[in-house]
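All heavy atoms count here, side chains included; hydrogens, waters and symmetry mates do not.
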Amino acid sequence: MIPLIFLASLLTLPTDTFGAPTDVVPAQGQTISLLRRNQPRDVVEWSALAKTQRDNLIAKYSSSTTKKRSTGYNLIVDQLYDSSYYGSLAIGTPAVSFDVILDTGSSDLWVASSTCGTSCGSIATYNPSSSSTFQNLSTPFDIQYVVGYAAGYVAQDIVQMAGFSVSNQGFAVVDSMSDGFLTSPVSGLLGLAWESLASSGQMPLWQTLASSNTWDSALFAFQLTRYKNDTTAQELEPGGVLTMGYTNSSLYTGSIDYIDIPGTPSYWYIPLTTLTVQGNSISITSGTTAAIDTGTTNIAGPASSIEAIYAQIPDSQPATGEWEGYYSFPCSTTVNVELSFGGTNWSISAADFAFTQTSSTECIGAFFEADTGSGSPSWIIGDAFLKNVYSVFRYNPASIGFASLSSVAIAENGAGGTVPSATIGTVSAAVTDTSDAPRRYALSASFSMLIFVAVSAVLLL
């Protein structure tokens with residue numbers, strides 16, 4: 001979550017629930033699927049079934065007294081042609097499911113309240129009075145964005161996701177926001193960055209689970225799909241998968257290349273060491289860092305670097321009007337871009353480099369100018385890159401890993417199918433958030449939400 005003061009220069013720039021409890025609680029170590037699809041199942045569900053069988057057999061026959069842990073997954077929805085990706089979770093007693101943007105660029109979980117009024121439109125809202133486990137912490141919550149705001153108060157309740165239940169999870173109940181801030185069916189945002197960025201002062205859901213040894217492995221991972229170049233794509237399409245506590249080996253090939261966070265974890269940020277466009281190197285200042293942000297659609301960088309990128313593309317030029325900060329280029333040009341974070345070189349597909357087409361011949365590129373300010377990562381690497389890799393976010397050591405997508409994962413791009421819906425499943429592991437609350441209050445802004453809202457507004461014009 002990038003502080004508002006660092007975003008002042010951006011004024012010109014144009015989420016099945018898994019794990020809500022039932023009366024039947026299966027043994028820990030079981031991977032639970034919230035989505036009940038008709039046969040045949042897809043490879044993610046088959047792999048989860050296989051893992052469940054193996055884990056149950058080991059638990060049944062092993063003489064080990066080691067504490068059993070667990071894993072889970074959440075099927076994602078691709079919203080508005082790759083502009084955002086959301087999953088689902090459940091809050092309260094009885095549990096009610098909500099769709100939330102999955103955002104590794106911020107740290108707060110917040111949902112729209114039933115008292116939000118007309119500014120929330122027709123989106124599903126959370127009703128605190130309907131939950132017997134709700135607690136109002138009476139702490140104000142206010143996030144200011146360049147394009148709007150969200151405000152309310154900090155609370156606690158039971159939150160379930162991907163087969164995990166956290167009691168006393170802190171989150172924000174938003175009862176006021178800018179008109180049109182969220183696009184239905186999304187009801188809020190799940191921040192997946194580190195606690196130090198949380199405006200609410202609450203430990204993020206993922207960090208509670210990772211730090212409590214609830215997961216088999218203290219990490220979560222993403223595979224995101226691509227539909228932006230599919231002319232038959234709908235506004236909502238299957239978006240891939242978020243796994244918690246394990247990596248899905250059917251979705252990547254080779255090894256995972258991990259890069260440590262080079263300081264105190266806040267954002268998921270790592271060094272950006274090399275960048276090439278059309279085979280030519282773009283100068284990168286030593287010590288440059290990049291935030292890896294699932295909540296941002298495109299890729300932002302310093303003005304001088306963005307200018308150098310488009311200088312490698314003949315007939316490209318700065319865009320104007322609402323597109324200020326972006327560049328246009330001939331759609332007929334295939335642009336080859338590679339990034340490295342100190343290890344493997346990773347490619348961005350030409351389809352992802354071309355953000356959108358504005359005329360029969362002109363396209364807008366995915367790289368755009370943004371000054372994030374001193375103390376923040378100077379590059380924000382969003383979904384235009386992340387659709388091209390399998391990405392892993394590891395708790396300890398704090399690091400980010402990338403791997404090449406498997407043929408199975410690649411085949412899901414544009415494949416269509418049933419769009420995951422927010423449903424209520426079963427819990428395989430439960431913990432209690434014992435962190436102090438409230439701890440602090442900070443005014444901040446999520447860069448990733450800024451980009452999502454801006455892009456959504458453009459796409460809906």
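- Checking Ile299, Asn298, Ile313 one by one against Phe353, the side chain to side chain contact (heavy atoms under 4.5 Å, CB included) holds for a single residue, Ile313.
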**Request:** Determine, stepwise, if the pair Phe141 / Ser199 fulfils side-chain contact (heavy atoms from CB on, under 4.5 Å).
**Result:** CA-CA 7 Å; Phe141 177 80; Ser199 296; 4.0 Å; yes
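- Note: Trp323 and Phe355 have perpendicular aromatic rings, judged against thresholds of 30 and 60 degrees for the angle between ring planes.
- Residues Thr214 and Ser212 approach most closely at OG1-OG, 2.5 Å, considering heavy atoms.
- A side-chain donor-acceptor contact under 3.5 Å links Ser399 to the backbone of Pro397.
- A perpendicular orientation is assigned to the rings of Phe402 and Phe385, their planes being inclined by more than 60° (bins at 30° and 60°).
- Using a 4.5 Å cut-off on side-chain heavy atoms (C-beta onward), Glu195 and Ser107 make no contact.
- With rounding to the nearest 0.5 angstrom, the CG atom of Leu242 is 9.5 Å from the CZ atom of Phe393.
- A distance of 9.5 Å separates CD1 of Ile309 from OH of Tyr327, quoted to the nearest 0.5 Å.
- Of the listed residues (Trp268, Tyr267, Trp206, Trp194), just one forms a side chain to side chain contact (heavy atoms under 4.5 Å, CB included) with Thr104, and that residue is Trp268.
- Here the OG atom belonging to Ser106 is positioned 8.0 Å from the CG atom belonging to Leu190, to the nearest 0.5 angstrom.
- Thr273 contributes a side-chain N or O that, together with a main-chain N or O of Ser340, makes up a donor-acceptor pair within less than 3.5 Å.
- At a threshold of 4.5 Å between non-hydrogen side-chain atoms, the residues Pro420 and Ser88 do not count as touching.
- The closest side-chain heavy-atom distance from Val77 to Asp99 is not below 4.5 Å.
- Closest of all the heavy-atom pairs between Leu197 and Ala193 is CD1-CB, 4.1 Å.
- With hydrogens and angles disregarded, a donor-acceptor distance shorter than 3.5 Å links the side chain of Gln79 to the backbone of Thr183.
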**Item:** side-chain contact (heavy atoms from CB on, under 4.5 Å) between Trp379 and Ser305, intermediate numbers included
**Value:** CA-CA 10 Å; Trp379 288 80; Ser305 297; 3.4 Å; yes
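- Distance alone, capped at 3.5 Å, is enough to place a donor-acceptor pair between the Tyr227 side chain and the Gly416 backbone.
- The nearest pair of heavy atoms linking Ala409 to Gln223 is O-NE2, 3.8 Å.
- In this structure, Glu237 contributes its side chain and Glu235 its backbone to no donor-acceptor pair below 3.5 Å.
- Interatomic distance, Thr243 OG1 to Tyr73 OH, rounded to the nearest 0.5 Å: 11.0 Å.
- Of the possible polar contacts, one joining the Asp257 side chain to the Thr344 backbone as a donor-acceptor pair under 3.5 Å is found.
- When side chains are defined from C-beta on, Leu192 counts as touching Phe222, because their heavy atoms get closer than 4.5 Å.
- Although no hydrogens or angles enter the test, the distance criterion places a donor-acceptor pair under 3.5 Å between the side chain of Ser316 and the main chain of Tyr310.
- Annotation: side chain of Val337 is in contact with side chain of Leu275 (closest heavy-atom distance under 4.5 Å).
- Of the inter-residue distances, the one linking Thr247 atom OG1 with Leu219 atom CG reads 6.5 Å to the nearest 0.5 angstrom.
- Within a 6.0 Å radius of CD in Gln312, other residues, nucleotides and ligands contribute more than 12 heavy atoms.
- Under the 4.5 Å side-chain criterion, counting only non-hydrogen atoms from C-beta, Val392 is not in contact with Tyr252.
- With Asp82 contributing its side chain and Asp78 its backbone, the two residues share no donor-acceptor pair below 3.5 Å.
- Listed here is the closest heavy atom pair of Tyr269 and Pro377: CB-CG, 3.9 Å.
- Within the model, atoms OG1 of Thr71 and CE of Met244 stand 11.5 Å from one another, a figure rounded to the nearest 0.5 Å.
- Thr294 has its side chain within reach of Asp383: a pair of non-hydrogen atoms, C-beta onward, lies under 4.5 Å apart.
- Between Ala350 and Thr334 the shortest heavy-atom distance is CB-CG2, 3.9 Å.
- Proximity of Thr285 to Pro302: side-chain heavy atoms (C-beta onward) are nowhere separated by under 4.5 Å.
- Looking only at distances, a side-chain donor or acceptor of Ser196 sits under 3.5 Å from a matching main-chain atom of Pro265.
- Pairing each heavy atom of Asn413 with each of Arg226, the nearest pair is OD1-N, 2.9 Å.
- Lys228 contributes a side-chain N or O that, together with a main-chain N or O of Ala351, makes up a donor-acceptor pair within less than 3.5 Å.
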